[in-house]
Amino acid sequence: MLPAAAEPAAGDSWGMLACLCTVLWHLPAVPALNRTGDPGPGPSIQKTYDLTRYLEHQLRSLAGTYLNYLGPPFNEPDFNPPRLGAETLPRATVNLDVWQNLSDKLRLTQNYEAYSHLLCYLRGLNRQAATAELRRSLAHFCTSLQGLLGSIAGVMAALGYPLPQPLPGTEPTWSPDPAHSDFLQKMDDFWLLKELQTWLWRSAKDFNRLKKKMQPPAAAVTLRLEAHGF
Amino acid sequence: MSFGGVKHSFILAIPPVWKYLCKMLTLQTWIVQALFVFLTTESIGGLLDPCGYINPESPVVQLGSNFTAVCVLKEKCMDYFHVNANYIFWKTNHVTVPKEQYTVINRTASSVTFTNISLLNIQLTCNIRTFGQIDQNVYGIRIISGLPPEKPKNLNCIVNEGKKMMCQWAPGRETYLETNFTLKSEWATEKFDDCEAKRDTPTSCTVDYSPVYFVNIEVWVEAENALGKVTSDHINFDPIDKVKPNPPHNLSVSNSEELSSILKLTWIDSSIKTFIRLKYNIQYRTKDASTWSQIPPEDTASTRSSFTVQDLKPFTEYVFRIRCMKADGKGFWSDWSEEASGITYEDRPSKAPSFWYKIEPSHTHGHRSVRLIWKTLPPFQANGNILDYEVTLTRWKSRLQNYSVNDTELTVNLTNDRYIATLTARNLVGKSDASVLTIPACDFQATHPVKDLKAFPKDNVLWVEWTAPNESVNKYVLEWCVLSDKLPCNPDWQQEDGTVHRTYLRAPSKGPTVRTKKVGKNEAVLEWDQLPVDVQNGFIRNYTIFYRTIIGNETAVNVDSSHTEYTLSSLTSDTLYMVRMAAYTDEGGKYGPEFTFTTPKFAQGEIEAIVVPVCLAFLLTTLLGVLFCFNKRDLIKKHIWPNVPDPSKSHIAQWSPHTPPRHNFNPKDQMYSDGNFTDVSVVEIEANDRKPFTEDLKSLELFKKEKISTEGHSSGIGGSSCMSSSRPSISSSDENESAQNTSSTVQYSTVVHSGYRHQVPSVQVFSRSESTQPLLDSEERPEDLQLVDNVEGSDGILPRQQYFKQNCSQHETSPVISHFERSKQGSSVNEEDFVRLKQQQISDHISQSNGSGQMKMFQEVPTANVFGLGTEGQVERFETVGMEAALDEGMPKSYLPQTVRQGGYMPQ
């Protein structure tokens, strides 16, 4: 095909056509377009994004049940206490500028760490839950959250980032403070669910952002192919 | 145990493995059963010591492979029986294995080899022949053969929305062995619980946990049996890609008044749409169709909750259904939703009705009567309900005449001029195009007539053929009528295209389908639908209904074509009728399918008409009965709880012939006696009425007979009832007494109330009392005496009367006033009576207090039938009196004493 391109004088149009045909012929062999090849982190990011939305959906019904289980005032729609206790919970809220300027690695690491903590707390919550039905839903949610952690880890691995190692001795556990009154304990539970919700919202944004960032390479492949063709 | 005993008995202990095997397998032979006997013995005492053993103990062998078993004899046994390995012979399923397959390994061991095992279940025994003739079993094993599991294939999983994941696979060939399938699943980071396939569904398993969408899971199956273990290929998938959503629900269909060709569907998606995109399949069909049409899938390839279906026919009912799946095509289609139907809006009639005319002779000169006729539009052309037809008639240069007709014909009087008639059908939405018809003037002559008109039957239809004129023809109108002797020529027509030159006359191609609307006892309302225009092929002139019973003749009824209902009357009830219908046009008729119905046995409401009054009558009777019982409760009470006379109160003293029984002849006494009119018979006796007389005589005779037969079971005391002091009864009692008693003791008959119920009196009922209680000795006696004393002075007959009253009212609980009232009602009340009444009341009062005690005693009679004999006897006898008149049947034995009493009044 290269000789065809090098002879612009005679049979120029034929050469172009031949070149085009060859390019088309070789298209399926281009790894970037080949579905069977390594798809890169794109699909797994998409999947993680879907998972956060699925979890958010799941949490909505779970939180409803659990807050009803806690009883009033926690299940009242306008209940909005200031965050006092639950200091150990990872905070999802962050300054917009800071969030925008987060590196992919840091973004993923923060997510990973937050969910590992939240998962531990949630498992404690599961142990306390009184009704079997609630325990079942919590257990399923824990499993799903475990899946999200695995998914994030998968994305990080695909991008070549190391998994954050938990500092020894700082393994978070959900141990209700005996000094806490029943109300304050419920407050902790309330905040755990609320924080989880916020984190899921944030993660959806995080992964949406990552997803968009990861898309351009596909276009680059096409460009490179054209350059190669001519 | 004896070693030299029965042939074929096992002389070995059975190892536990063998036990287990035996349990697993069906026991088929007696040997195996016998084995168990030994087995238990072994387990209990360990008495058995095998003479040898087979190695291996419980082999599972692959089909087609070779197998070798070794039987090793024990030294002790060999010494005892003087045998060695050469004496060993093998049997499989009771058949001796050929010697060629044996190998004697050493003095104690012999082996057998089987090649290419094909039987699934072989019972192999090692035997020895002792003393040259006695065969004995040494050991037995069961060889089970089968195949190792094949690698499970086609593993696939499905996640029904809201449920748990279910995976299934193809298990491969039959292994003939118990094979366990285990579904294993894991994430990259976590393992899930195994899923053991159930025995009855070895090709599928539903996992315990809810699937987590968007996280890939790895799943595989392990198949394992005694011969091996294989693992299927691992499959790795995201559960969301295996999801089968719930079908959309609440599907509804609405039409649009603006567009008659569209219907809008709305539905509610399953909740899974919150995190996945869906695509849909929408299918529809007309109500009568059986096949579904599908909306192009590309139109429904994204999540939505409504869809507008276009290009539908107006005024047609369509049925819709919808299903969904994940938009990217991964996963499974949901089930179809429930069907929903809707009718498209009406549109104006799409075609003008077929229009024709008939000129009828008119008497008026210069005018003619023209009957304009047209055919109804079939539904697919009517596009709605035809409200009416508009006919306009135009004569040359004259104004328009408008008619609005509901029928399909119009008769107008026209002049002999040429007219142009137009016809439009109108529905809710609009008018059809106009059919234009030229009614030529009277003197019009066609210039190019159709020639060579021929008609011939072919394929069950009448064909018409003609030669077309040279000029171009717009259309032909074929007109015909049936030649009939009975009917006038009733013209029908059909329009044919201008290019056609042969056609056939269209008679109905289908008969009407008749059915019953209502079936009564003697009548049935039949109904049918108008034949669709497509199959009418002409005007339906009339219908004929044929009906018959299974055996009866067919009856035909002609019905006008405008009807769709007919009532068959004078049918027989509870009969099977067969009815069918034919529709006739001028060309002929066609039968519809036969319909059978059965007239009910009862007309509607007839059963109710019978049952309700019966129930009411029953209710009324019951009520009256209850009322009656309530009114006569004292009588019933007496009947059920009879008053047993108290011997201590028996007035033997006053029984003497000196005391005349006159009081019994006093009608007033009876009247006072608690309203107990059973004593009326006594009054009749007094009045010398013949009837009771003879009755009494008869009863006396009856009694005498009874007396002989019962041999004194009814004792003499029966005769001495409360009001009787008759000689015959005394004599009879005297006879008994003299016959059976000593002077110091009296025997009483004990008659419990059971005797009144016409039951055969048992020995107990009439058992004789051994009581030696003196007749006149009673604690209650003083009262009675006192009472007698009180009344003695006033009237000579009163004491007896009062005594009677006392007995008769012993268990009276009704207030004293009742006696008073009753006596007042009596017609022959006088001063004397009133005085007597007063005294009676006093005695009542006294006796009531006694009565309660007596009643109590009496109630205990059935349990201790000799208890309180005297009292019982008294009550008993009184009751006899009370019931006498009420019973007109032959008197039971227990009544006999009473009969005697009555007889006692008769002159003898």
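Below, chains carry the letters A, B, ... as their sequence lines are ordered, and counting in each starts from 1.
- Minimum heavy-atom separation, P211(B) to H140(A): O-NE2, 3.2 Å.
- Around the CG atom of D311(B), the shell of radius 6.0 Å holds no more than 12 heavy atoms that belong to other residues, nucleotides or ligands.
- The two residues T143(A) and F192(B) come nearest to each other via the heavy atoms CG2-CE2, 3.8 Å.
- For CZ of R173(B), the number of neighbouring non-hydrogen atoms (other residues, nucleotides, ligands) closer than 6.0 Å is greater than 12.
- The number of heavy-atom neighbours closer than 6.0 Å to CG of D299(B), taken from other residues, nucleotides and ligands shown, is above 12.
- No more than 12 heavy atoms of other residues, nucleotides or ligands shown are found within 6.0 angstrom of CG on D208(B).
- In this structure, the side chains of L55(A) and F214(B) stay at 4.5 Å or more apart for every pair of heavy atoms.
- Using a 4.5 Å cut-off between heavy atoms, Y213(B) touches chain A through backbone and side chain atoms alike.
- Rounding to the nearest 0.5 Å gives a distance of 9.0 Å between CZ of R136(A) and OG of S210(B).
- Under a cut-off of 6.0 angstrom, the local environment of NZ in K105(A) is sparse, with at most 12 non-hydrogen atoms contributed by other residues, nucleotides or ligands.
- Looking only at heavy-atom pairs under 4.5 Å with chain A, the residue among I276(B), D238(B), I217(B), I240(B) that has the most is D238(B).
- When all heavy atoms are compared, the tightest approach of L51(A) to V212(B) is CD1-CG1, 4.3 Å.
- For E338(B), the CD atom sits in a loose shell: 12 or fewer heavy atoms of surrounding residues, nucleotides or ligands are nearer than 6.0 Å.
- Ranked by heavy-atom pairs under 4.5 Å with chain B, the first of S144(A), G150(A), A139(A), S151(A) is S144(A).
- Residues K47(A) and N216(B) share a closest heavy-atom pair of NZ-OD1, 2.7 Å.
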